[in-house]
Amino acid sequence: MRQKRILIVFTIISLLLLVGSILFQFLNEEDPYQFYTGLGKDIDVSPDDETIAFSYYVDGDEAIYTANLDGSELTKVSSKENGRFRSPKFSQDGEQLLFLSEEIDGAQSLLVMNKDGSHQKRVTDDSLHVTDAVFSPNGDILYFIAKLSSEINKMEGETKEGYDLYKINRDGTNLEQLTDQDHFTMNDLSISEDGEELYYSLFQAYEEPTVFSLKDKTESPVVSVKKDIYSSVLSKDKKFLAYTAVTKASLNSSLFKYELYLQNLQTAETKRLTYLDNNIQSPVFLHHENKLAFLEYTNWPGDPENYRLMTVSFEGGDEQEVNVNLPSSANSHLAMKTVYFLLANEVAMAIYYVLFFGGLILLSHIRSGKVFQPSYISLGLSLLFFIGSFAIGAITNPWYGIWLAMVAVAMFICSLVLVLFSYVVSKMRKK
């Protein structure tokens with residue numbers, strides 16, 4: 001009798017953990033950066049090559065920092081304590097910074113401030129989701145890439161509006177849409193020294209570096225690159241194109257490695273610059289030296305992404321880390337991390353599922369001897385979920401159907417484990 005009570009309590013606890021895990025994952029928005037402390041994913045170098053600007057997380061809050069390029073004189077320049085500020089860019093005189101602020105719904109707004117953090121001002125409202133921006137040469141106008149903020153949480157196939165170019169005065173007046181192309185992707189925005197052209201990357205069959213003439217309002221390719229490239233950026237003098245690409249050595253491996261390359265647009269010569277056997281991101285040209293700054297994604301392809309701030313010369317092979325004395329986490333978040341480990345975890349959910357039905361199998365063993373019945377019920381549920389996934393995909397969104405089908409497959413695998421467990425229990429009963 002005591003054994004039966006223990007099994008009932010065990011089964012109820014397993015059910016509560018299973019239900020709690022399902023509800024937690026449905027109601028809680030997944031955020032791998034919630035407790036993260038480390039570098040953000042975008043950097044910029046001041047026009048005099050003295051200062052680097054970047055974003056940095058402390059316990060999930062992301063702020064804008066500056067430091068000398070040798071790593072000294074770290075300064076937090078964004079004023080708000082909580083929130084997420086990212087993607088800083090210097091003005092061409094080095095006296096101002098623009099950056100993006102992530103709102104609660106995931107949309108990003110454009111802000112500007114002086115390089116010391118004073119006179120912070122929001123420039124765009126919440127109707128647009130801004131992903132990249134640059135100053136005009138005189139600093140009075142901001143050019144940026146954006147799409148309607150109402151489109152950002154929609155799944156592929158549901159969106160009606162894509163990314164386009166906009167401009168706005170620094171004081172937030174005279175917003176103007178420059179293109180109406182609704183691009184699927186649009187990245188790596190920069191501007192020519194004379195302010196007459198904007199550069200960015202589009203994705204067709206390959207990532208394509210593109211120029212937009214502010215005078216003629218036309219788009220055209222900068223250079224034809226018939227291969228897979230990423231994070232492409234054009235030098236200010238238009239002589240070089242830096243980009244990342246998959247190394248030949250990793251093409252046949254299970255994990256692609258991305259290194260930094262430099263192409264001379266006058267001679268078409270391409271040189272590999274880094275040999276870090278990792279994933280290189282966010283290259284930025286220095287202005288007065290033949291060097292690039294970049295980020296090395298050290299835990300590729302892990303999440304949250306951990307970065308190292310690095311530099312390399314045009315000669316390549318001489319990568320150097322910029323050692324900055326960055327702030328550390330002020331809180332271990334042990335209690336919340338434990339809750340996330342127990343509930344926000346697909347593996348944990350599968351374990352609770354098996355434990356719950358395993359408890360039912362043992363109770364069936366004690367009460368009626370029908371030890372296979374719970375595992376058959378589990379198999380039936382997995383089959384029902386799989387069939388239902390087609391209906392859900394057809395009626396609502398195909399991605400919902402795919403997700404439900406994946407759940408059904410996981411349930412089926414758990415059911416096979418339960419059938420095996422039922423077989424073992426049945427053999428024990430006969431003995």
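Around the NZ atom of K41, the shell of radius 6.0 Å holds no more than 12 heavy atoms that belong to other residues, nucleotides or ligands. Crowding of K236 atom NZ: a count of heavy atoms from other residues, nucleotides or ligands under 6.0 Å exceeding 12. Within 6.0 Å of CG in D303 there are more than 12 heavy atoms belonging to other residues, nucleotides or ligands. Sparse packing is recorded around CD of Q320, with 12 or fewer heavy atoms of other residues, nucleotides or ligands lying under 6.0 Å away. Residue-environment remark: CZ (F386) stays at or below the threshold of 12 foreign heavy atoms within 6.0 Å. Remark: H119 NE2 is loosely packed, at most 12 non-hydrogen atoms of other residues, nucleotides or ligands lying under 6.0 Å away. When the shell of 6.0 Å around CE of M406 is examined, it contains 12 or fewer heavy atoms from other residues, nucleotides or ligands.
At a threshold of 4.5 Å between non-hydrogen side-chain atoms, the residues L17 and L342 do not count as touching. A heavy-atom distance below 4.5 Å is found between the side chains of K89 and D132. Residues D228 and V246 are not in side-chain contact: their nearest non-hydrogen atoms beyond the backbone lie 4.5 Å or more apart. Contact check for L111 versus Q120: side-chain heavy atoms found under the 4.5 Å cut-off. Using a 4.5 Å heavy-atom cutoff, the side chains of T124 and F144 are in contact. At least one side-chain heavy atom of L165 sits less than 4.5 Å from a side-chain heavy atom of I145. You'll find the side chain of F294 stays beyond 4.5 Å of the side chain of S282, heavy atoms only. A 4.5 Å side-chain heavy-atom check between L379 and F412 finds at least one atom pair inside the cut-off.
Going from atom CE of M113 over to atom CD of Q96 covers 11.0 Å, rounded to the nearest 0.5 Å. Distance CZ/F10 to CG/L360: 10.0 Å, rounded to 0.5 Å. Note that CG of L326 is 5.5 Å distant from CG of L39, once rounded to the nearest 0.5 Å. Between the CG atom of L262 and the CG atom of L273 there is a distance of 5.0 Å, given to the nearest 0.5 Å. To the nearest 0.5 Å, atom CG of residue L97 and atom CG of residue N114 are 9.0 Å apart. To the nearest 0.5 Å, atoms NE2 (H287) and CD (E50) are separated by 11.5 Å.
At a cut-off of 3.5 Å, with distance as the only test, no side-chain donor of Y261 or Q263 sits close to an acceptor on the other residue. Side chains of S231 and Q281: a donor-acceptor N/O pair is absent below 3.5 angstrom, by distance only. Side chains of S250 and T247: a donor on one and an acceptor on the other come within 3.5 Å. A donor atom on one side chain and an acceptor atom on the other are found under 3.5 Å apart for D164 and T179.
Of the possible polar contacts, one joining the R84 side chain to the G60 backbone as a donor-acceptor pair under 3.5 Å is found. Judged purely by atom type and a 3.5 angstrom limit, N299 uses its side chain to pair as donor or acceptor with the backbone of N306. Checked by atom type and distance alone, the side chain of N169 never pairs as donor or acceptor with a backbone atom of D171 at under 3.5 Å. With hydrogens and angles ignored, the 3.5 Å screen pairs a side-chain donor or acceptor of D70 with a backbone N or O of S72. Proximity of a side-chain donor or acceptor of H129 to a complementary backbone N or O of Q108 within less than 3.5 Å is detected. A donor-acceptor pair under 3.5 Å is absent between the side-chain atoms of S91 and the main chain of F135, judged by distance alone. Judged purely by atom type and a 3.5 angstrom limit, D216 has no side-chain atom pairing as donor or acceptor with the backbone of T218. Looking at K238, its side chain never comes within 3.5 Å of a backbone N or O of S235 through a donor-acceptor pair. The backbone N or O of P47 sits nowhere less than 3.5 Å from a side-chain atom of Q92 that would complete a donor-acceptor pair. The main-chain N or O of A53 is never found under 3.5 Å from a side-chain atom of T66 such that the two would form a donor-acceptor pair.
The two atoms that bring M411 and L381 nearest to each other are CE-CB, 3.6 Å, heavy atoms only. Closest heavy-atom contact between E219 and F212: CG-CD1, 3.9 Å. For the pair I280 and L276, the tightest heavy-atom approach, listed with the atom from each and the gap, is CD1-CD1, 3.7 Å. Contact record, L178 with L214: CD1-CD2, 3.9 Å, taken as the closest heavy-atom pair. Closest heavy-atom contact between A107 and I152: N-CD1, 3.2 Å. In terms of heavy atoms, L251 sits closest to F256 at O-CE2, 3.4 Å.
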TODO: May I have the step-by-step check of side-chain contact (heavy atoms from CB on, under 4.5 Å) for N187 and T131, ending in yes or no?
DONE: CA-CA 8 Å; N187 305 302; T131 57; 5.7 Å; no
Task: Pair N290-S313, side chain to side chain donor-acceptor pair (under 3.5 Å): steps then yes or no - done: CA-CA 6 Å; N290 289 334; S313 74; over 6 Å; no
Task: Y307 vs F54, ring-ring contact (aromatic ring centres under 6.0 Å, His included): CA-CA, chis, key distance, verdict - done: CA-CA 11 Å; Y307 292 108; F54 54 90; over 10 Å; no
Open item on the list: Is there a side-chain contact (heavy atoms from CB on, under 4.5 Å) between L74 and N325? Walk through the geometry before answering.
Closed with: CA-CA 7 Å; L74 175 69; N325 187 22; 5.6 Å; no
Open item on the list: Could you go through S201 and S232, starting from their C-alpha distance and side-chain angles, then the distance that decides it, and tell me whether this counts as side chain to side chain donor-acceptor pair (under 3.5 Å)?
Closed with: CA-CA 7 Å; S201 298; S232 58; 2.6 Å; yes
- [ ] Verify side-chain contact (heavy atoms from CB on, under 4.5 Å) between S55 and I64, making sure each step is shown before the conclusion.
- [x] CA-CA 4 Å; S55 68; I64 304 298; 4.2 Å; yes
- [ ] Determine, step by step, whether D126 and E103 satisfy the side-chain contact (heavy atoms from CB on, under 4.5 Å) criterion, reporting the C-alpha distance in whole Å, the side-chain angles of both residues, the deciding distance to 0.1 Å, and the verdict.
- [x] CA-CA 8 Å; D126 56 8; E103 309 301 328; 5.6 Å; no
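Salt bridge present: D277 and K257 bring a charged side-chain N and a carboxylate O closer than 4.0 Å. Ionic pairing of E196 and K215 is not present here: no N-O contact between side-chain nitrogen and carboxylate oxygen is shorter than 4.0 angstrom. Salt-bridge check for E62 with R86: passed, with a basic side-chain N closer than 4.0 Å to an acidic carboxylate O.
In summary, the aromatic rings of Y353 and F357 are positioned with their centroids under 6.0 Å apart. With ring centers used as reference points, Y143 lies 6.0 Å or more from Y166. Ring centers of Y340 and F35: under 6.0 Å apart, within the cut-off.
Between F341 and the choices L343, N345, T338, the side chain to side chain contact (heavy atoms under 4.5 Å, CB included) rule is met once, by N345. Y230 pairs in a ring-ring contact (aromatic ring centres under 6.0 Å, His included) with only one of the listed residues (Y297, Y243, F203, Y258), which is Y258.
Taking the six-membered ring where tryptophan is involved, the planes of Y36 and Y33 are perpendicular, since the angle between them exceeds 60° and thus also 30°.
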